[in-house]
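No hydrogens, no waters, no symmetry mates; every other heavy atom, side chains included, goes into these values.
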Amino acid sequence: MSGETGQIIYVIDDDDVVRDSLKVLLEVRQYRVRDFESGDQFLAENPDLGDCCMIVDVHMPGMTGLDLLGVLRQRGETMPAILITGRRDSHIEAQAAALGQVILLDKPLPHSRLFSAIEQMLARA
């Protein structure tokens, strides 16, 4: 399934290679994508969160992906998010579950699982 007009995916990851790869992969599938290298950059640009899904790296320097989603939830934003991590543990799983509207995926990301999660989350947006 390919992306739908009007919906956007925000990719927030400090790793240039991961971020750029995700952006290209998603654009090939016809998704609208905006990427950010940090949670702080994302918040500073204050993008429209109306009809979107986020893909956020858990482990980033400074503001982590969990921190970013926590800030957004405190603001009343309920957009769905896919958290990606190379180091899953029970603490991360508990925090992700507490945020609601979150799917936690492990790196490396199998494309089929990633696209399935995106479709599931965009349907909730």
Chemist: Within the structure provided, determine whether Ile8 and Val33 are in side-chain contact (heavy-atom separation under 4.5 Å).
Modeler: no
Chemist: Evaluate the criterion side chain to side chain contact (heavy atoms under 4.5 Å, CB included) for residue pair Arg34 and Lys23; output intermediate values, then yes/no.
Modeler: CA-CA 8 Å; Arg34 285 195 58 204; Lys23 184 174 184 187; over 6 Å; no
Chemist: Which is it for Val56 and Leu68 under the side chain to side chain contact (heavy atoms under 4.5 Å, CB included) test, yes or no, and what are the steps along the way?
Modeler: CA-CA 9 Å; Val56 185; Leu68 172 61; 4.2 Å; yes
Chemist: Please determine which of Gln95, Arg88, Glu93 meets the side chain to side chain donor-acceptor pair (under 3.5 Å) test together with His91.
Modeler: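 For His91, the side chain to side chain donor-acceptor pair (under 3.5 Å) test succeeds with only one of Gln95, Arg88, Glu93, which is Gln95.
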Chemist: Run the side chain to side chain contact (heavy atoms under 4.5 Å, CB included) check on Leu66 and Leu83 step by step: do they pass?
Modeler: CA-CA 8 Å; Leu66 292 164; Leu83 285 168; 3.7 Å; yes
Chemist: Within a reach of under 6.0 Å around CZ of Arg87, are more than 12 heavy atoms found that belong to other residues, nucleotides or ligands?
Modeler: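 Open: at most 12 neighbouring heavy atoms sit under 6.0 Å from CZ of Arg87.
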Chemist: If you compare all heavy atoms of Gly50 against all heavy atoms of Asp48, which two are closest, and at what distance to 0.1 Å?
Modeler: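 Looks like N-OD1, 3.0 Å.
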Chemist: Just verifying a value: how many Å separate Met63 CE and Ile12 CD1, rounded to the nearest 0.5 Å?
Modeler: 11.0 Å
Chemist: Could you tell me the separation between the CG atom of Leu105 and the CZ atom of Arg113, rounded to the nearest 0.5 Å?
Modeler: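 Spacing of CG (Leu105) from CZ (Arg113) equals 5.0 Å.
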Chemist: Between Arg19 and Asp16, is the closest basic N to carboxylate O distance under 4.0 Å?
Modeler: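 Salt bridge between Asp16 and Arg19, a charged N being under 4.0 Å from a carboxylate O: yes.
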Chemist: Is there side-chain contact between Val58 and Thr64, with at least one heavy-atom pair below 4.5 Å?
Modeler: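 No - every pair of side-chain heavy atoms lies 4.5 Å or more apart.
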Chemist: Please report the interatomic distance CG(Leu22) to CG(Leu25), rounded to the nearest 0.5 Å.
Modeler: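 So the CG of Leu22 and the CG of Leu25 are separated by 6.5 Å.
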Chemist: Kindly say whether Val17 contributes a backbone atom to a donor-acceptor pair with the side chain of Ser21 at under 3.5 angstrom?
Modeler: yes
Chemist: Taking side chain to side chain contact (heavy atoms under 4.5 Å, CB included) as the criterion, tell me which of Val11, Ile9, Ile55 meets it with Asp35.
Modeler: Val11
Chemist: Between Glu77 and Arg73, which heavy-atom pair has the shortest distance, and what is it?
Modeler: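 For Glu77 and Arg73, the tightest heavy-atom pair comes out as O-CD, 3.2 Å.
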Chemist: Atom SG of Cys53 and atom CD1 of Ile118: how far apart are they, to the nearest 0.5 Å?
Modeler: 6.5 Å
Chemist: With a 4.0 Å cut-off on N to O distance, would you call Asp13 and Lys107 a salt bridge?
Modeler: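 Between Lys107 and Asp13 there is a salt bridge, with a charged N closer than 4.0 Å to a carboxylate O.
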Chemist: Could you check if a side-chain atom of Asp15 sits within less than 4.5 angstrom of a side-chain atom of Asp57, using non-hydrogen atoms only?
Modeler: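 SC-SC contact between Asp15 and Asp57 ruled out.
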Chemist: So Glu37 and Asp14, do their side chains get closer than 4.5 Å, heavy atoms only?
Modeler: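 Side chain of Asp14 against side chain of Glu37, heavy atoms only: no contact under 4.5 Å found.
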Chemist: Under a 3.5 Å distance rule, please check whether Gln7 uses its side chain to pair with a backbone N or O of Leu122 as donor and acceptor.
Modeler: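 Checked: pair present.
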Chemist: Can you find a pair of side-chain heavy atoms, one from Met60 and one from Asp67, that are under 4.5 Å apart?
Modeler: no
Chemist: Determine, stepwise, if the pair Met54 / Met79 fulfils side chain to side chain contact (heavy atoms under 4.5 Å, CB included).
Modeler: CA-CA 8 Å; Met54 300 174 69; Met79 85 301 296; 3.5 Å; yes
Chemist: Do Pro80 and Val102 touch side chain to side chain, with heavy atoms closer than 4.5 Å?
Modeler: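 No - every pair of side-chain heavy atoms lies 4.5 Å or more apart.
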Chemist: Within the 4.5 Å heavy-atom criterion, are Tyr31 and Glu27 side-chain neighbours or not?
Modeler: no
Chemist: Using the ring-ring contact (aromatic ring centres under 6.0 Å, His included) rule, collect all pairs that involve residues 39-83, keeping only residues at least two apart or in two chains.
Modeler: Tyr10-Phe42, Phe36-Phe42
Chemist: Decide yes or no for Thr78 and Leu72: does some side-chain heavy atom of the first lie under 4.5 Å from some side-chain heavy atom of the second?
Modeler: no
Chemist: Distance check, rounded to the nearest 0.5 Å: Leu114 atom CG versus Arg29 atom CZ?
Modeler: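 Reported value, rounded in 0.5 Å steps: 9.0 Å.
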Chemist: Hey, what do you get for CG (Leu109) to CG (Asp106), rounding to the nearest 0.5 Å?
Modeler: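 The CG atom of Asp106 is 8.5 Å from CG of Leu109, to the nearest 0.5 Å.
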Chemist: Same cluster or not: are Val71 and Leu99 linked, directly or through other Ile, Leu, Val, Met, Phe, Trp or Tyr residues, by side-chain heavy atoms under 4.5 angstrom apart?
Modeler: yes
